[in-house]
Amino acid sequence: MAIRPRNAPDANGVRSIEVRDNATVSIRDAAILFGVTAQAVRDWIERGCPHNPGRAGRGNGTTISMPAAIAWRIADQAGNVGQAQVGEDGQVYNEGLAKAADWHYRAIRRQADARRELGQLVPVDLVADAVEEDYQRVRSRLNSVPGRVSVQAAAETDASIVRTMIARAINDALSNLSSGDEIVERAGGDPAASVHDQLELDGAIDMDEHEEDDA
């Protein structure tokens, strides 16, 4: 009986590919998946494509981690493969992209600090504290309504007058609620400012100590 060579197409022209549990394949199978020759994959390995070195013995040849190899190829075609590094988890990390993300975060942080100084941005915890003060004050006033109104209402026989007393007492308690501008001002913001206002900064923003070290 003739033995069909490994990776040779079957009667339907379909090639079999063995993918291991850790998503690795042989060099030959990787070549098939990428649509290139096995030599091309070996050339990629020489240039830094992530791989697992083989060892002596049949079935122990060099294997390719397909997720890591795909990421490496994307970086290679984008022209920044020199900045790509393979982590312990087998994934490819691009140092250039990581630095860009870090600088983007720092720019957002500097802008937030500038808007906070101008009163355009207020920390949410300070707003929550100001609102909680209002709630406590109004809650206290509402809780005192029955005691204050009951004495006066006891001598009244006209229900409409009693309702008016209660309504006035409730409105008096609610009048202790602060306006939105008052909440912002107590939280340290400027009620006249808006986070949508254009920032007008003179000169360059000074980098902090860590940014100077990285520059």
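Throughout, numbering of the chain's residues begins at 1 and tracks the sequence.
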Please lay out, stage by stage, how Asp158 and Val162 fare under the test side-chain contact (heavy atoms from CB on, under 4.5 Å). CA-CA 7 Å; Asp158 190 335; Val162 175; over 6 Å; no

Quick one: which of Arg109, Arg116, Arg115 gives a side-chain hydrogen bond (donor to acceptor under 3.5 Å, both in side chains) with Asp113?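 Among the candidates, only Arg116 passes.
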
Output a table of donor-acceptor pairs, distance under 3.5 Å, between side-chain atoms of residues 124-133 and any protein atom two or more places apart or on a different chain; print 'none' if there are none.
residue : atom : partner : partner atom : Å
Glu132  : OE2  : Gln136  : NE2          : 3.3
Glu133  : OE1  : Arg186  : NH2          : 2.9

Which residues pass the side-chain contact (heavy atoms from CB on, under 4.5 Å) test with [X], sequence neighbours left out?
X: Asp43; value: Gln39
X: Ser179; value: Asp181, Glu182
X: Glu117; value: none
X: Thr62; value: Ile27, Ile45, His51

Hey, are the side chains of Glu156 and Met165 touching, using non-hydrogen atoms and a 4.5 Å cut-off? yes

Between [X] and [Y], which heavy-atom pair has the shortest distance, and what is it?
X: Val122; Y: Gly189; value: CG2-CA, 3.5 Å
X: Gly147; Y: Val151; value: O-CG2, 3.8 Å
X: Val138; Y: Ala173; value: CG2-O, 3.7 Å
X: Ala69; Y: Cys49; value: CB-SG, 3.9 Å

When hydrophobic residues are tied together by side-chain contacts of less than 4.5 Å, even through go-betweens, does Leu174 share a cluster with Ile183? no

Supply the atom-to-atom distance [X] [atom1] to [Y] [atom2], rounded to the nearest 0.5 angstrom.
X: Ser26; Y: Ile32; atom1: OG; atom2: CD1; answer: 7.5 Å
X: Ile166; Y: Asn171; atom1: CD1; atom2: CG; answer: 12.0 Å
X: Ile64; Y: Phe34; atom1: CD1; atom2: CZ; answer: 8.0 Å

Does any N or O in the side chain of [X] come within less than 3.5 Å of the main-chain N or O of [Y], such that one atom is a donor and the other an acceptor?
X: Arg137; Y: Asn176; result: yes
X: Asp29; Y: Val25; result: no
X: Thr24; Y: Arg20; result: no
X: Asp134; Y: Leu177; result: no

Over 60° means perpendicular and under 30° means parallel, so classify the ring planes of Trp44 and Trp72, tilted if in between.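 The arrangement is tilted - the two ring planes meet at 30° to 60°.
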
Is the number of heavy atoms from other residues, nucleotides or ligands within 6.0 Å of CZ (Arg168) greater than 12? no

Go through the structure and list residues passing salt bridge (Lys or Arg N to Asp or Glu O under 4.0 Å) with Arg141, not counting sequence neighbours.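 Arg141: salt bridge (Lys or Arg N to Asp or Glu O under 4.0 Å) contacts with Asp172.
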
Is there a side-chain contact (heavy atoms from CB on, under 4.5 Å) between Met66 and Leu33 once you walk through the steps? CA-CA 9 Å; Met66 286 305 297; Leu33 291 172; 3.9 Å; yes

